[in-house]
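Below: the structure, in structure tokens.
Here, residue 1 is the first one in the sequence, and each next residue gets the next number.
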Amino acid sequence: MDLSDTPEEEEFRARLRDWLAKTLPGLPAEPSPGDWPGRRSYDLGWQRRLYDAGYADVHWDASPAIRLVFLEETEKAGAPYVGANFVGLLHAGPTIAAEGTDEQRARWLPPILRGEEVWCQGFSEPDAGSDLAALRTRAWRDGDHYVVTGSKIWTSHAEVADWCELLVRTDPDAPRHRGITWLAMPMDAPGITVRPLRTLAGSAEFAEVFLDEVRVPAENRVGDENDGWRVTMVTLSFERGTAFAGEVVACRRVLGELAVEARGNGRWDDPALRRRLGRLNAEFRALWRLTQWNVSAAQASGGVPGVGGSVFKLRYSHARQELYDAAAEVLGAGCLDLDRPWMLDRLSSLSYTIAAGTSQIQHSIIAERILGLPKGR
């Protein structure tokens, strides 16, 4: 498989680099990490700049290869991450583009691309995290609406979101994977209570969401009723297959910064540390090639990433943790100071083997869907 740039990709890369070089110096200062209303405004402002420059549609209308070039170049240039809008741009939006009706695509995709609306993800529940199919949030049909009651947890950016990609159980008597429905829920609907959760790093980008007979229009259902598990697999394929692509580039940049720091503070003299950083360099180079392979495979199969995303997600989650453990080794006693570079990222890296499906779930997917091993009993 040829992973080099095509002439179209080379032209796009050069044009994007030129635009980033002209645009980034004029950006306003970023808000503080805990200021999520400010973060929302900043992130949507960046998205609007992308839209006005003609780059916003790369997430859906461009080829997967062009999308990867975009993620690579924006991360290398130090451009803002999608931030508060990552669910809309990287999860819900691609799912609606792939599975939604023409009316749904026309309603929800342009506001995401223009930087006007933020989405959150209402999947996990207190008793249905890794075992997502065990979800119990109930929805029943009442005329032109679904009435939803239940709760969600670890809902990303719920406190600043306009919409929620929500999984509900619409048929409690069906086998658990077959009674689930995917809804787009307006976050200003009556009956919704949002309670922010503070993480180990001190931030509050997650929340508990309590739903008390929330009425969601039936026209907001994406896919058929009780077919939500299949639609969810589309969402998760984007989450595991391409949403982390820019982060691999960021990790490679951090690795270079660690080498510079180690040379400056004398820790580079430790051959064990040098071997560790060298192995991580090879690891992230391989992960980038795997990302390119997954994107090429997605392009050949219609644009939706396949189960290869689970291979990537499994290894990337652990490699990221190893990277920031190496950062602590480079800093020595300084790693106890959370104001030092990389230390907040070290805390957040602990969640990566849980988020977007635990490592144990990824092992099972790889065993069953790639290796053809029998399901466990």
Side-chain angles (χ1 to χ4, degrees), residues 12 16 19-20 23 27 30 36 39-100 104-123 155-166 182 184-187 205-206 222 231-232 234-250 291 294-295 298 303-305 309 313 355-356:
F12 178 81
L16 177 60
W19 180 80
L20 289 169
T23 302
L27 292 184
E30 290 194 39
W36 280 106
R39 182 86 244 178
R40 171 192 160 107
S41 178
Y42 181 86
D43 294 339
L44 293 186
W46 170 245
Q47 182 61 28
R48 183 69 201 199
R49 288 174 184 258
L50 291 173
Y51 179 84
D52 290 341
Y55 292 111
D57 63 350
V58 299
H59 294 288
W60 307 318
D61 292 339
S63 70
I66 288 290
R67 189 180 314 143
L68 197 62
V69 170
F70 173 84
L71 293 171
E72 182 181 16
E73 292 301 325
T74 51
E75 183 58 49
K76 281 183 176 179
Y81 182 56
V82 289
N85 205 25
F86 86 92
V87 173
L89 282 168
L90 304 181
H91 302 175
T95 302
I96 293 167
E99 297 290 333
Q104 289 170 339
R105 287 192 287 268
R107 165 60 188 90
W108 287 313
L109 300 189
I112 295 174
L113 295 179
R114 290 194 298 260
E116 296 170 355
E117 293 180 345
V118 168
W119 285 66
C120 61
Q121 186 179 77
F123 282 16
T155 306
S156 306
H157 306 311
E159 68 275 22
V160 295
D162 304 290
W163 292 91
C164 177
E165 53 172 356
L166 183 72
W182 201 106
M185 179 179 70
M187 288 297 289
E205 66 264 33
F206 301 107
V222 175
V231 179
T232 301
V234 174
T235 305
L236 294 179
S237 70
F238 284 111
E239 186 174 16
R240 296 165 184 166
T242 55
F244 292 117
E247 295 190 25
V248 175
V249 182
T291 300
N294 285 337
V295 166
V304 177
K313 199 274 174 183

Inset, instruction - Can you see which heavy atom on C164 is nearest to which on G122, and at what distance? - result: SG-N, 3.4 Å
Inset, instruction - Report yes if some heavy atom in the side chain of F86 is under 4.5 Å from a heavy atom in the side chain of H157; otherwise report no. - result: yes
Inset, instruction - Locate the shortest heavy-atom distance separating L113 from A56; write the atom from each residue and the value. - result: CD2-O, 3.1 Å
Legend entry - Spatial distance of atom CG (L44) from atom CZ (R39) [nearest 0.5 Å]: 10.5 Å
Legend entry - Spacing of CZ belonging to R107 relative to CD1 belonging to I112, to within rounding of 0.5 Å: 9.0 Å
Legend entry - E165 versus W119, side-chain donor and acceptor atoms under 3.5 Å: no
Inset, instruction - Determine whether W182 and T95 make a side-chain contact, defined as any pair of heavy atoms from C-beta on separated by less than 4.5 Å. - result: yes
Inset, instruction - Could you tell me whether the side chain of Q47 reaches within less than 4.5 Å of the side chain of L89, counting heavy atoms only? - result: yes
Legend entry - Distance in Å, M185 CE paired with W163 CH2, rounded so as to fall on 0.5 Å steps: 10.0 Å
Inset, instruction - Of all the heavy-atom pairs spanning T155 and C120, show the shortest one and how long it is. - result: CG2-SG, 3.8 Å
Legend entry - Side chain to side chain, W46 and T23, heavy atoms closer than 4.5 Å: yes
Inset, instruction - Heavy atoms only: give me the nearest D43-G83 pair and the separation to one decimal. - result: OD2-CA, 3.3 Å
Inset, instruction - Look up atom OH in Y51 and atom CD in E116, then write down how far apart they are to the nearest 0.5 Å. - result: 8.0 Å
Legend entry - Candidate pair E159 and R40, rule salt bridge (Lys or Arg N to Asp or Glu O under 4.0 Å), full reasoning: CA-CA 10 Å; E159 68 275 22; R40 171 192 160 107; over 6 Å; no
Legend entry - L16 side, atom CG; E72 side, atom CD - distance, nearest 0.5 Å: 10.5 Å
Legend entry - Euclidean distance, Y81 OH relative to E247 CD, rounded to 0.5 Å: 5.0 Å
Inset, instruction - Quick one: closest heavy-atom pair of G88 and P94, and the distance? - result: O-CD, 3.9 Å
Inset, instruction - Could you pull out the closest heavy-atom pair between G93 and L109, with the gap in Å? - result: O-CD2, 3.6 Å
Inset, instruction - For F70, check ring-ring contact (aromatic ring centres under 6.0 Å, His included) against everything at least two apart and list the hits. - result: H59
